[in-house]
Amino acid sequence: MARTIIPFGPQHPVFPEPLHLKLVLEDEIVKEAVPALGYVHRGLEMLADIRDYHQMIQICERVCGICSTIHAQCYCQGIEELMGIEVPARAKFLRVIWAEIHRVQSHLLWLGLFADAFGFESLFMQCWKIRERVMDINEATGGNRVNVSVNIIGGVKRDLAPDMTRWILSELDLVEQEVKRLEKVLLHDYTVKKRTVGKGVLTKDQALELGAVGPTLRGSGVAQDIRQLGYAAYGDLSYTPVVAKDGDAYSRNRVRFLETYQAIALVREAISKLPPGEISVKVKGKPEGEIVSRVEQPRGELMYYIKGNGKKNLDRLRIRTPTFANIPPLLSMLPGIELADVPVIVLSIDPCISCTER
Amino acid sequence: MTEGIIVFNMTPNVLRNFFSKSATRLYPKETRETFGNVRGELYNKIEACIFCRTCARKCPSQCITVDTKEATWQCDPFVCVYCGVCVENCPKKCLYQKNEYRKPAIEKEVIFMKGEIKKEKTEEDQQEK
Amino acid sequence: MIRGAILVTIGVVVAPLLGGLIAGVDRRLTAWFQSRYGPPVWQPFFDVMKLFGKEKLVVNGWQVFCAYIYITAAMLSVVLFFLQSDLLLILFVQAVGAIFLVIGAFSATSPYSQVGANRELIQILTYEPLIILAFVGIYLVTGSFKISQVLLQTKPLLASLPLLYIALCYALTIKLRKSPFDFSTSHHAHQELVKGFLTEYSGPYLALVEIGHWYEVVLILGLCSLFWATSWIGIIVLVGLTYLCEILIDNTMARMTWRWMLGYVWTIGLAMSFVNLIWLHGR
Amino acid sequence: MLNTLLFVLILGPFIAAALCFVVRIRHIRSFIVLAMACLLAAASLLLFVKGPFSHTPPSLLGIPTHWWILWGDDILLFTMLYYGFKHRHLLTKILVIFQIVCLDYFELFMVDHSKTFPLFVADNLSLIMVLIISIVGSLICVFAIPYMDKHEEKEGFQKSRQPKFFAFLVVIMGAMNGLVLSNNIIFMYMFFEVTTLGSFMLISYDRSEIALRNAVRALWMNCLAGAAFIVAMVCAYVTQGTVDAQKLIQAGHMGGIMLTPLALLCFAGLAKAAQIPFQSWLLGAMVAPTPTSALLHSSTMVKAGVYIALRFAPGYAGTFLSQCLAVYGAFTFLAASAMAVSQSNGKKILAYSTIGNLGLIFACAGINTPEAITAGILLIIFHAFSKALLFLCVGDIEQHIGSRDIEFMRGLYAKMPRTAIVALLGIITMMLPPFGVLLSKWMAIEAASKHLFVMVLLAVGSSLMVMYWARWAGILLSAPYGSQVTPERQGVLTRLPLLVLVGGAVVLSLCAPLLYSNLVAPILSAPSFSVRAGIFDNPTGAFLLYPVILVLGLGFICALYAARKARKARTSGPYLSGAQTKDPECFEGPMRKPVAVSSQIYYFESIFGEQRLTVWFNIFGGMFLALLIGGAL
Amino acid sequence: MKEEVISVTPDTLGNKIAEMKKNGYRFVTMSCVELDSDTVDILYHFDKNLELAHFRLTIPKNEAAPSISPVYFAAFLVENEIQDQFGIRFDGLAIDYNRTLYLEEEVQRAPYCRITVSNVEGSEGD
Amino acid sequence: MDTIKTFIRKSRIKSPWLLHFDCGSCNGCDIEVLACLTPVYDIERFGIINVGNPKHADLLLVTGTVNHRNKKVLGNLAEQMPEPKIVVALGSCGLSGGVFREAYNVIGGVDKIIPVDVYVPGCPPKPEAIIDGVVTGLAKFAQKKGDTS
Ligand code: NFV
Ligand code: SF4
Ligand code: SF4
Ligand code: SF4
């Protein structure tokens, strides 16, 4: 019997990014899904060979435009640890503030795209409308809407003035208010639930076995989050991971939605506890040795493996992004679902291909 | 948090949108003041430049070419990622970024500037200090 | 005879203009619901004119053929409507267009087109019984399938066919390709599967399909108007409100899947129609 | 003259059959078949021109006709019994023996053969039937000549079985003619049984195990019909004292006494027409070579079933039986359409479609208003042409591409443009206006609008029907981009029937108003429509046939012109998400491998799966049937 | 590295990995580092309750490494990536892209197998 | 006839349908393109619809670096767009490869594969800049020939 074979992507409007899935369908039920990557692969890890370790910050930031600041943060933390640099406390808090603002932005972006995946256009528009406020915060504080570019080795380059923090808080209040209005839709609407509940189930065991991270892991009922390690200033902030237990698209949606609140709360707390003082220290020497640096991205655990050899160019820089880890779980979710649910399921892990392929 | 399944939960939101002014900024017609420290178009006050090549070395995308002998400073705005590293590192603070982005172009362009070779380089440096 | 000629002209010329305008207003209102500014109301006309000016690009000559048949059938069904002809006939003629569009989509080998065509067939399968039953309801009230008889009524049909009207609105939602039923193709930003069965239509042929769609919209709104055909105000209020509701529903619902649609519309829609019919029958 | 015509029409085929059987030379056989086809067609036309008549032919060879019939019947039944024993099928044996006993007792001891009444009566309905049988049937026979040669070549039979095949092919036509023209229901019964035996022989043609099994199934189911027929005859004679069909119809149901025989006759018709739960014999008949299916489905055999229902329809007008029949027919229509949706076997789709359309005709008979009867009769005509056409197309296609699966007919246009277009036309005439089948469906729906249940069933059924036709039509055209259309070669004996049939299907649709006012209207108790300028009009509704034809025709011409012009346009491969390769049918998949795209139609196995539905539908069908008979008793 | 790195050989790797799996470790990733012109280090990173554990496998470039994807399916992606970038072969990969995960024919060499690369293909502006 | 032709020309400027292809961008530019569609920037004001199918598109917005794998896709998409069409390259990556242009899998800017009509610099360009780029591109429609029959 002939089956329908569909090239899903590389150019497909549901995914903003080129990801290719060869789907084999029968009456629109997916029988087989094979991914093809490499459409965004640039090979930027290798740029470490020709750029010095300071310049690599800019490049790490451009691994991905959605989680750029946290990439830089992870990289800088790694190098700092390698070189034994103690970052000023204020810088640590500032890093948290920017990271969490980024998380809000990323989650809102995802909520919109997710809504779009099941054809809820007005919800998509609403999420992105709210997100614009966060983008404004980025632009006002970092000088660019996307690549905030504040992290440097030894701290951060920009400071937040008190009136700026006040403004941020008031903007975030508005954001929170508007996000609250979407709660009834994203978490309780009949049609949304119909399209997400029970779709793409990943059990707790599967999630751990396949190496899922971030909301994908937490959506399956595992309370694990790198922020629990207390890097940067997270140790000083009250933080508990958001968990949902069903492991379906809805649970992941729920985790991300609630994390949006949480991130806003973390920014508030960080601003209220923001210590005075320097924002960076001078860096001397060259990195040497190897280190694994981990932070929590909006999509989950990000890992940098850095190996320095005392020269200005690193020996090896390896980036393992959360989506890279979430792809095997995704592949296990796809067979057996409807074609119409493919975008929903794929988006439910919040794929970021540019992160994945670098 | 009210559990339970209800349809049309989006209605209050869309109705609120419907009865309030749209969020749209009518961009080319209305422009918004940009935020203060936005990293936009890159410029060089060429009079002050000493062609020390710091910017060219530090630039992560290697888009600046400085010729010390000829006293030229050249930047490819299509390669520049507007990161501001050069601005931060320029010893003469002659580089600066506008708050606006560069306008779209229909042809490739480069920023080419020719300055004068500073003879009293050391002297000026001392003055600075 | 002259009246006939006028009606035909209205059907042929005014209907698409009206349909285009409705599409424009629709887009504008949708934008407002989404807190956007929205395109100008005559945007659909620009779109269509632009499409006419594009390069012709074909994958399969049959598509061209089918696009032409589609627009002819759509036009004819509207003309028949204005001539106050038989409702069932109008539906069948309309079906000619719909079917040819599907055949056209099947004729391209692109899997997207094929998936869209299959889905469109399912949609046809879903809405046709509802429309037929709505017509039967009209028949039971007026004793005829002719529109001319409907216009002679003194009481709005809505009074005796409320449930059937709702069922007809399901069909309307499907025909307008609005959420939750917009899965064979869609007007929206991220079209369902890169525009479903229209995947391979492009340029002037897409324009034809678009105009055909306008005819169909006018037709189906016309059918709705029959339910309050006793006064102009009634027509305008009913159709206006119905359309507004459609836009609202479009903006407050996710897109569903066809499996859901088939189950839902066939159970709820047919049940409602049936209850209404039995009630009428028993009267 | 009349005698000659009747002789040619009824006995002619029998003689031709005998000749075919005896003369085992291919060319001569072909000639006989061809000649018989021409003769039949001509005779039917002549008879048609003569118009309605009632007639008693002189006794044949000096022996009273009823003796001929009795012998004939006995020969038939004993043959069947033989096959019952040969295939060790208990049910067949029982049924046949039951028939033999009943029949012989009935004919020898009950019936008073001295009463005279016209043995052959033809009204327009019979004449129409004769035309369809003789013309469509003959065309199928003509088509069969080259087809069977190829078929046997492919199957590689040692000894040609064509003599027998053609013999029974033509016998069935003669029997059908006899059936529709007889006024004596004993005659009817005999011809009825001839078709049963004929179909058995045709189905078992391949002699494969499955063919035999299906043939036996057809045999016992049709024997059941025959048994019902006999009981009906006996009952009718007991209550009415006559075997004159006209009298029986006029007598009506007489407050219910006559309802039992009428119900049994309907039962016989339903079984013959393979209505649910008897559909399996017709589906099983698919194993036979395609001309058989074409013949059984379009102009003969199953049409005998609906003919009986329509013929006796005035008899049971306004009874519970009638109501029941309407719902039952509509139910079959829906059920068959639903099951067709899950099929990819082209012949099976056609079979289900036949069952569905016959259901619709039964529903019309059950609704029993002049409009409904009009719809039923028109449907018989149009359905015969389109269905025969489609079967022949599938046969032709199968011989070329080696499959009857519609998935394999993808892009048939590129391989067999002529056949593809003809098949496409056939499909379109089956489902879209302004063609006859839809016109009749329109009439049926309007007529049914007072019967809520029937209406809902028809509404859902007809959209299901659209579904399975439309995708088939689409698939035929889905030629891959850039593929060259290869011109197709077709023998004249293949092409001619196809062309005549497609022409008939299209032209007859155009002539529907004429057909109606000249043929159908006179046999109705009251005119159902007024026809003016090609507009069917009555208070319930109006079908603007000619205006629609005009506009759609114009659109068609424009569309053809535009499609022609579009050949100059730039062609481009299908959209494959930007991953297309040089080969337009492939996209670059994972691991840089080219992957051929493929598409499949949705069969909704989980919703309309045949296996699942069959069980339920058979239960429902059985219940309806019980209701139908039980209500009548 | 803060945590201890346990050295393994191709022979002991299988057991170690199976043990990790039994102990409920989550597979994080693998990193490959070029040591000199013919050996590479492959590091296996695991995590359990936010505690990292590492293995180091040092093998010659031209020798195939045993794949751990039959045990940890999640590893297939990174092993394919290493195949692409370092030209190392893995034996028994669950899904073997055969060096086509990221790369096209145009990039035939193993791009990471050079300490310094100046593969500036016609870059402009400098 | 002439009025119709002028109207068609005008319509082209009024109704450019957009196809966005992410050609290995870091998502920065990508997301900004999407942001353009959303309420605050709402490029539907200009009649722009994001169509996602080259056959319906007039305007190809390309973001990101071209690499060896996606260059084929880019070429394919451009080929399937009916004339007249405009190609807008966005962001440093789309213009030249940006920071990544020396990476081994990066070929460079979009113009290495298909002719580009408008270049929008920035990393990423702000939505305002994208709108500017699109508007600049629209002006080019007037010069482009197309099938106006
Ligand atoms: N995957 C991924 Fe990222 C995140 N979050 C990160 O490292 O977005 Ni592009
Ligand atoms: S760093 Fe400043 S002074 Fe030195 S060359 Fe660059 S612009 Fe001139
Ligand atoms: S802004 Fe950044 S990329 Fe641009 S020239 Fe300066 S350092 Fe280079
Ligand atoms: S130009 Fe900048 S933001 Fe845009 S894709 Fe390239 S790196 Fe990302």
Side-chain angles (χ1 to χ4, degrees), chain A residues 9-20 36-47 49-51 55 58-59 61-68 71 105-106 109 112-113 116 122 124-133 135-136 139 144-147 149 352-355 357-358, chain F residues 18-42 44 50-54 57 60 62-74 76-77 80 91-93 97-107 122-128:
Chain A
Q11 182 269 325
H12 193 288
V14 173
F15 308 147
E17 291 181 274
L19 162 68
H20 173 88
L37 302 171
Y39 294 97
V40 203
H41 182 59
R42 288 151 287 184
L44 60 84
E45 289 169 4
M46 198 214 65
L47 286 175
D49 291 349
I50 50 172
R51 301 273 188 264
Q55 287 171 334
Q58 311 299 330
I59 291 176
E61 262 172 1
R62 283 165 179 77
V63 167
C64 173
I66 307 174
C67 47
S68 87
H71 268 289
Q105 173 265 109
S106 171
L109 173 143
L113 288 180
D116 199 43
S122 60
F124 161 69
M125 292 289 181
Q126 196 72 17
C127 292
W128 281 61
K129 180 183 141 194
I130 303 171
R131 180 175 174 269
E132 280 303 315
R133 282 190 192 282
M135 299 310 273
D136 280 352
E139 195 173 5
N144 188 301
R145 287 162 49 90
V146 171
N147 294 316
S149 195
C352 174
I353 310 303
S354 70
C355 274
E357 300 177 2
R358 309 166 305 275
Chain F
L18 172 158
L19 174 73
H20 165 221
F21 180 55
D22 171 344
C23 201
S25 130
C26 81
N27 273 341
C29 292
D30 231 21
I31 298 302
E32 294 297 68
V33 171
L34 275 188
C36 285
L37 301 167
T38 57
V40 176
Y41 300 99
D42 185 32
E44 202 184 342
N50 180 8
V51 286
N53 176 340
L60 179 61
V62 191
T63 56
T65 58
V66 178
N67 71 17
H68 291 290
R69 185 159 287 180
N70 65 29
K71 72 177 181 203
K72 289 183 256 177
V73 182
L74 182 61
N76 283 339
L77 291 177
Q80 284 195 337
S92 318
C93 292
V99 259
F100 308 118
R101 74 192 195 291
E102 284 156 299
Y104 67 87
N105 204 27
V106 172
I107 297 179
C123 179
K126 280 170 76 164
E128 278 96 344

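This one's a predicted model, so the numbers in the text were calculated from it and none came from an experiment. In what follows, every chain begins at residue 1, and chains take the letters A, B, ... in the order their sequences are listed.
In terms of heavy-atom pairs under 4.5 Å with chain F, the best-connected choice from A:Glu139, A:Gln126, A:Lys129, A:Arg145 is A:Arg145. Annotation: maximal heavy-atom pairing with chain A below 4.5 Å, among F:Thr38, F:Thr65, F:Asn67, F:Val40, occurs at F:Asn67. Looking only at heavy-atom pairs under 4.5 Å with chain A, the residue among F:Cys23, F:Gly122, F:Pro127, F:Pro54 that has the most is F:Pro127. Contact count versus chain A (heavy atoms, under 4.5 Å) is highest, among F:Gly98, F:Ala35, F:Pro39, F:Gly28, for F:Pro39.
A 4.5 Å side-chain heavy-atom check between F:Lys126 and A:Met135 finds every atom pair outside the cut-off. Inter-residue side-chain proximity for F:Ile31 and A:Leu109 is flagged as met; some heavy-atom pair is nearer than 4.5 Å.
For chain F, no part of A:Ile130 is nearby; none of its heavy atoms comes within less than 4.5 Å. Neither the backbone nor the side chain of F:Cys29 comes within contact range of chain A; no heavy atoms are under 4.5 Å apart. Residue A:Glu132 touches chain F through its side chain alone, counting heavy-atom pairs closer than 4.5 Å.
Here the shortest heavy-atom pairing between F:Pro124 and A:Asn147 reads CD-ND2, 3.8 Å. Closest heavy-atom contact between F:Val73 and A:Pro10: CG2-CG, 3.6 Å. Heavy-atom minimum distance, F:Asn53 versus A:Gln11: N-NE2, 4.3 Å. For the residue pair A:Cys352 and F:Asn27, the shortest heavy atom distance occurs at SG-ND2, 3.2 Å. Residues F:Ser25 and A:Ser354 share a closest heavy-atom pair of O-CB, 3.3 Å. Nearest heavy atoms, A:Pro18 versus F:Gly24: CG-N, 4.4 Å.
Interatomic distance, F:Asp22 CG to A:Ile353 CD1, rounded to the nearest 0.5 Å: 9.5 Å. For the atom pair OG1 of F:Thr63 and CD of A:Glu17, the computed distance is 9.0 Å after rounding to the nearest 0.5 Å. Atom OG of F:Ser92 is separated from atom CZ of A:Arg62 by 7.5 Å, given to the nearest 0.5 angstrom. Between the SG atom of F:Cys93 and the CZ atom of A:Arg42 there is a distance of 7.0 Å, given to the nearest 0.5 Å. To the nearest 0.5 angstrom, F:Glu44 atom CD is 7.0 Å from A:Met125 atom CE. Remark: F:Asp30 CG to A:Cys64 SG distance equals 9.5 Å, nearest 0.5 Å.
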**Message:** Before you tell me yes or no, could you show the steps for A:Tyr39 and F:Leu74 under side-chain contact (heavy atoms from CB on, under 4.5 Å), namely the whole-Å CA-CA distance, both residues' side-chain angles and the distance that decides it to 0.1 Å?
**Reply:** CA-CA 10 Å; A:Tyr39 294 97; F:Leu74 182 61; over 6 Å; no
**Criterion side-chain contact (heavy atoms from CB on, under 4.5 Å) on A:Leu113 and F:Leu34, from CA distance to verdict** = CA-CA 10 Å; A:Leu113 288 180; F:Leu34 275 188; 3.8 Å; yes
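Taking the six-membered ring for Trp, A:His41 and F:Phe100 have ring centres at least 6.0 Å apart.
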